[in-house]
Amino acid sequence: QVQLVESGGGLVQAGASLRLSCAASGRTFSSYAMGWFRQAPGKEREFVAAIGWSGGNIYYADSVKGRFTISRDNAKNTVYLQMNNLKPEDTAVYYCALTVVDAPIAAMSSYDYWGQGTQVTVSS
């Protein structure tokens, strides 16, 4: 089993920046992709960003392109989400996920392990 722990969420004003981190621990895998998803109150969970093992395959939801950047540090088993120019509509619980399956990494169903989530709240 794998444990994923997100951190870096908080309450900020519109236009501010936050950097989320997700550290994986427990079982060691030879390689894996990681992604970020979010869920706002009363809405379905949605894809935000994903990154492959080598960092060569990166995907973003249209709603965050140009504002968010995903990156990873494999030596630390950690993935990051740099969020700039935050908007009130970015308010949600953000979840980190990990998959060891060679499957579409932008698809929620591809992921095997999930973190507990971290709250991001953006005020006007």
W114 vs R45 side-chain heavy atoms within contact, under 4.5 Å:
yes
I need the full list of disulfide (SG to SG under 2.5 Å) pairs touching residues 31-89, with sequence neighbours left out, sorted by first then second residue.
none
Output all residues satisfying side chain to side chain donor-acceptor pair (under 3.5 Å) with T99, sequence neighbours left out; order by chain, then residue number.
D112
Using the rule that two of Ile, Leu, Val, Met, Phe, Trp, Tyr join whenever any of their side-chain heavy atoms come within less than 4.5 Å, decide whether Y59 and W53 are in one cluster.
no
Residues forming a salt bridge (Lys or Arg N to Asp or Glu O under 4.0 Å) with K65, sequence neighbours excluded:
D62
On a heavy-atom basis, the closest approach of V79 and M34 is CG1-CE, 3.5 Å
So which pairs with a foot in residues 33-42 pass salt bridge (Lys or Arg N to Asp or Glu O under 4.0 Å), sequence neighbours left out?
R38-E46, R38-D90
What residue pairs, at least two apart or across chains, pass salt bridge (Lys or Arg N to Asp or Glu O under 4.0 Å) with a residue in residues 18-33?
none
Enumerate the ring pair (Phe, Tyr, Trp, His ring centres under 6.0 Å) contacts for residues 70-111, please, sequence neighbours excluded, ordered by first and then second residue.
F37-Y111
Applying side chain to side chain donor-acceptor pair (under 3.5 Å) to Y32 and not counting sequence neighbours gives N77
Determine which pairs satisfy disulfide (SG to SG under 2.5 Å) with at least one residue from residues 25-74, sequence neighbours left out, and list them in order.
none
Same hydrophobic cluster for I51 and V100, using side-chain heavy-atom links shorter than 4.5 Å among ILVMFWY?
yes
With sequence neighbours excluded, residues passing side chain to side chain contact (heavy atoms under 4.5 Å, CB included) with A61
F47, S63, V64
Check step by step if side-chain contact (heavy atoms from CB on, under 4.5 Å) holds for N85 and F68.
CA-CA 9 Å; N85 191 25; F68 291 9; over 6 Å; no
Same cluster or not: are V93 and W36 linked, directly or through other Ile, Leu, Val, Met, Phe, Trp or Tyr residues, by side-chain heavy atoms under 4.5 angstrom apart?
no
Taking a hydrophobic cluster as the set of Ile, Leu, Val, Met, Phe, Trp and Tyr residues connected by side-chain heavy atoms closer than 4.5 Å, whether directly or through intermediates, do I105 and I58 fall within one such cluster?
no
Could you pull out the closest heavy-atom pair between L81 and A49, with the gap in Å?
CD1-CB, 4.2 Å
Going by disulfide (SG to SG under 2.5 Å), name the pairs with one or both residues in residues 46-120, residues two or more places apart or in two chains.
C22-C96
Of the non-hydrogen atoms in S110 and A103, which two are nearest, and what is the gap between them?
OG-CB, 3.5 Å
Which residues share a side chain to side chain donor-acceptor pair (under 3.5 Å) with S25, sequence neighbours left out:
none
Write out all pairs satisfying disulfide (SG to SG under 2.5 Å) with one or both partners inside residues 44-94, taking only residues at least two apart or from two chains.
none
